Peer 1: 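Before I ask anything, let me first share the structure, which is written out below as structure tokens.
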Amino acid sequence: MPTWDECHPLWMLIPRECSKLRQNLNSAPVTEEISQRIATFWDISDKYRFDLLGYEIAWIADQLAFAAGLASLHRPHMKQTSGSPYNRPVMSDSLFWFYIDAGLRNASSCWERVGIFLDLAFGLGLRSDCSFPKSLKNLEKNDLVKKSIHFQNLTRFRDGRFQELEARKGVGARHEATHVISPRLRHWAAEVIEPLMDGKPSLTTGRDPDYWIRFLVEHHGLYLNGAQDAIALVASR
């Protein structure tokens, strides 16, 4: 029977490759004051955060894969494949878009975990203010890190396809879906409203249901590669 690390390229990778980092992290116990309530992620020791991230960075990759897989299972059973209001949706319509929305949130959260891991590993001090782009921006000040192929891969993704997820406030698939317009509403509007609005900007380009499945599958692969780059960068510091 295969082991966890053989089943998944991230499972056990952080504890195995970054064990020296863990040995040097602060392991101070949670204070009695904090222990009397529910501690936040930022209250616990550095070593405890390392252990949690070692698990979470692999776990959330699986959640993204599950979202894409479950959406694809419901895709053949959708009735409202066009946005016509006269084509009443069935349960698979609702579940398909539910999993697409969940997948977009996971695709973004994946990279936030990587940003937090880099903040912890390199002592950037960003803590609760950190994000994937902020962590990379701070690491750009380190000349040795900048020369690493793993860092260059991460910055290439940040400046490229990461923008599909988080371009700026209200733009990018995850931020748009969470705060502005969901993929389901985008699809419905393109099918129902836009035919009556000649010459207006279109929401239709590349936004059919199958597009979103491909999007999640592609970003799952991008995350697996990026997380391994981040782990290799930390392991070589």
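What you are looking at is a predicted structure, and each value in this text was computed from that prediction instead of being measured.
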Peer 1: Nearest 0.5 angstrom please: I231 CD1 to L21 CG, how far?
Peer 2: 11.5 Å

Peer 1: Given the rule that I, L, V, M, F, W and Y join up when any side-chain heavy atoms are under 4.5 Å apart, are L25 and L124 in one cluster?
Peer 2: yes

Peer 1: Provide the closest heavy-atom pair for L104 versus P183 in the form atom of the first, atom of the second, distance.
Peer 2: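 The answer is CD1-CG, 3.6 Å.
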
Peer 1: Just wondering, do F50 and C18 contact through their side chains at under 4.5 Å, heavy atoms?
Peer 2: yes

Peer 1: To the nearest 0.5 angstrom, please state how far the SG atom of C110 sits from the CZ atom of R105.
Peer 2: 13.0 Å

Peer 1: Please collect all salt bridge (charged side-chain N to carboxylate O under 4.0 Å, His left out) contacts where either partner lies in residues 124-134, sequence neighbours excluded, each pair once.
Peer 2: D129-K134

Peer 1: Check whether V217 and L64 end up in the same hydrophobic cluster, where Ile, Leu, Val, Met, Phe, Trp and Tyr are linked by side-chain heavy atoms less than 4.5 Å apart.
Peer 2: yes

Peer 1: Is there a side-chain contact between P209 and W97 in this structure, where contact means two heavy atoms from C-beta onward sitting under 4.5 Å apart?
Peer 2: yes

Peer 1: Side chains of S108 and E166: donor-acceptor distance under 3.5 Å anywhere?
Peer 2: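 The answer is yes; a qualifying pair exists.
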
Peer 1: Could you measure the distance from the OG atom of S128 to the CD1 atom of I116? Nearest 0.5 Å is fine.
Peer 2: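 Rounded to the nearest 0.5 Å, the OG-CD1 separation comes out at 9.5 Å.
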
Peer 1: We want to know whether E164 and H219 form a side-chain donor-acceptor pair, criterion being a heavy-atom distance below 3.5 angstrom.
Peer 2: yes

Peer 1: In terms of relative ring orientation, are W59 and Y55 parallel, tilted or perpendicular, with 30° and 60° separating the classes?
Peer 2: parallel

Peer 1: Please say yes or no: joined through hydrophobic side-chain contacts below 4.5 Å, possibly via intermediate residues, are F162 and Y223 part of one cluster?
Peer 2: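 Shared cluster, yes.
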
Peer 1: Report the C-alpha distance between R75 and D210 in whole Å, list the side-chain angles of each, state the deciding distance to 0.1 Å, and finish with yes or no for salt bridge (charged side-chain N to carboxylate O under 4.0 Å, His left out).
Peer 2: CA-CA 8 Å; R75 177 68 180 97; D210 293 323; 2.9 Å; yes

Peer 1: Please report the interatomic distance CG(L144) to CG(L139), rounded to the nearest 0.5 Å.
Peer 2: 12.0 Å

Peer 1: Are I44 and L126 grouped together when hydrophobic residues (ILVMFWY) are joined by side-chain heavy atoms under 4.5 angstrom apart?
Peer 2: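 Yes, because I44 and L126 connect within a single hydrophobic cluster, where side-chain heavy atoms sit under 4.5 Å apart.
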
Peer 1: Partners of E140 by salt bridge (Lys or Arg N to Asp or Glu O under 4.0 Å), sequence neighbours excluded?
Peer 2: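 Once residues adjacent in sequence are excluded, the partners of E140 under the salt bridge (Lys or Arg N to Asp or Glu O under 4.0 Å) criterion are R158.
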
Peer 1: So, R22 and D46, do they make that salt bridge, N to O below 4.0 Å?
Peer 2: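 The answer is no: the pair does not qualify as a salt bridge.
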
Peer 1: Does Q228 use its side chain to pair, donor to acceptor, with the backbone of L224 at less than 3.5 Å?
Peer 2: yes

Peer 1: Between S135 and N138, is a side-chain hydrogen bond (donor to acceptor under 3.5 Å, both in side chains) present by the stated rule, with each step listed?
Peer 2: CA-CA 5 Å; S135 291; N138 276 265; over 6 Å; no

Peer 1: What closest approach, in Å, do A67 and A102 show between heavy atoms, and which atom pair accounts for it?
Peer 2: CB-C, 4.5 Å

Peer 1: Looking at CG of L136 and CZ of R156, how far apart are the two atoms once the value is rounded to the nearest 0.5 Å?
Peer 2: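 If I round to the nearest 0.5 Å, the distance is 12.5 Å.
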
Peer 1: Who pairs with F122 by ring-ring contact (aromatic ring centres under 6.0 Å, His included), at least two apart in sequence or on another chain?
Peer 2: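 Not a single residue meets the ring-ring contact (aromatic ring centres under 6.0 Å, His included) criterion with F122.
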
Peer 1: Do D208 and R214 make a side-chain contact, defined as non-hydrogen atoms from C-beta onward lying under 4.5 Å apart?
Peer 2: yes

Peer 1: Roughly how far, to the nearest 0.5 Å, is the CZ atom of F132 from the CG atom of L165?
Peer 2: 10.5 Å

Peer 1: Looking at every non-hydrogen atom in both residues, tell me the closest pair between A68 and L216 and how far apart they are.
Peer 2: CB-CB, 3.9 Å

Peer 1: Please identify each residue that fulfils salt bridge (Lys or Arg N to Asp or Glu O under 4.0 Å) with D159, with sequence neighbours left out.
Peer 2: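 With neighbours one apart ignored, the set is empty.
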
Peer 1: Which residues satisfy the side-chain hydrogen bond (donor to acceptor under 3.5 Å, both in side chains) test with E218, sequence neighbours excluded?
Peer 2: R161

Peer 1: Just wondering, do I14 and F117 contact through their side chains at under 4.5 Å, heavy atoms?
Peer 2: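 Heavy-atom side-chain distance check passes, below 4.5 Å.
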
Peer 1: Looking only at heavy atoms, which two atoms of V114 and A230 are closest? And how far apart?
Peer 2: CG1-CB, 3.7 Å

Peer 1: For the rings on W212 and F96, is their centre-to-centre separation under 6.0 Å?
Peer 2: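 No - the distance between ring centres of W212 and F96 does not fall below the 6.0 Å cut-off.
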
Peer 1: Within the structure provided, determine whether F41 and L53 are in side-chain contact (heavy-atom separation under 4.5 Å).
Peer 2: yes

Peer 1: Would you check if the side chain of D119 reaches a backbone N or O of C130 as a donor-acceptor pair within less than 3.5 Å?
Peer 2: no

Peer 1: V234 versus L118: any side-chain heavy-atom pair under 4.5 Å?
Peer 2: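 Yes, their side chains come closer than 4.5 Å.
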
Peer 1: Side chains of S109 and N106: donor-acceptor distance under 3.5 Å anywhere?
Peer 2: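 No, N106 and S109 have no side-chain donor paired with an acceptor closer than 3.5 Å.
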
Peer 1: Do H74 and S92 have side-chain atoms, one donor and one acceptor, less than 3.5 Å apart?
Peer 2: yes

Peer 1: Do I100 and F98 share a hydrophobic cluster (ILVMFWY, side-chain heavy atoms under 4.5 Å, transitive)?
Peer 2: no

Peer 1: So, using salt bridge (Lys or Arg N to Asp or Glu O under 4.0 Å) as the criterion, who are the partners of D229 when residues are at least two apart?
Peer 2: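 Salt bridge (Lys or Arg N to Asp or Glu O under 4.0 Å) list for D229, sorted by chain: empty.
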
Peer 1: Do I60 and R113 make a side-chain contact, defined as non-hydrogen atoms from C-beta onward lying under 4.5 Å apart?
Peer 2: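 A side-chain contact exists here, since the closest heavy-atom pair is under 4.5 Å.
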
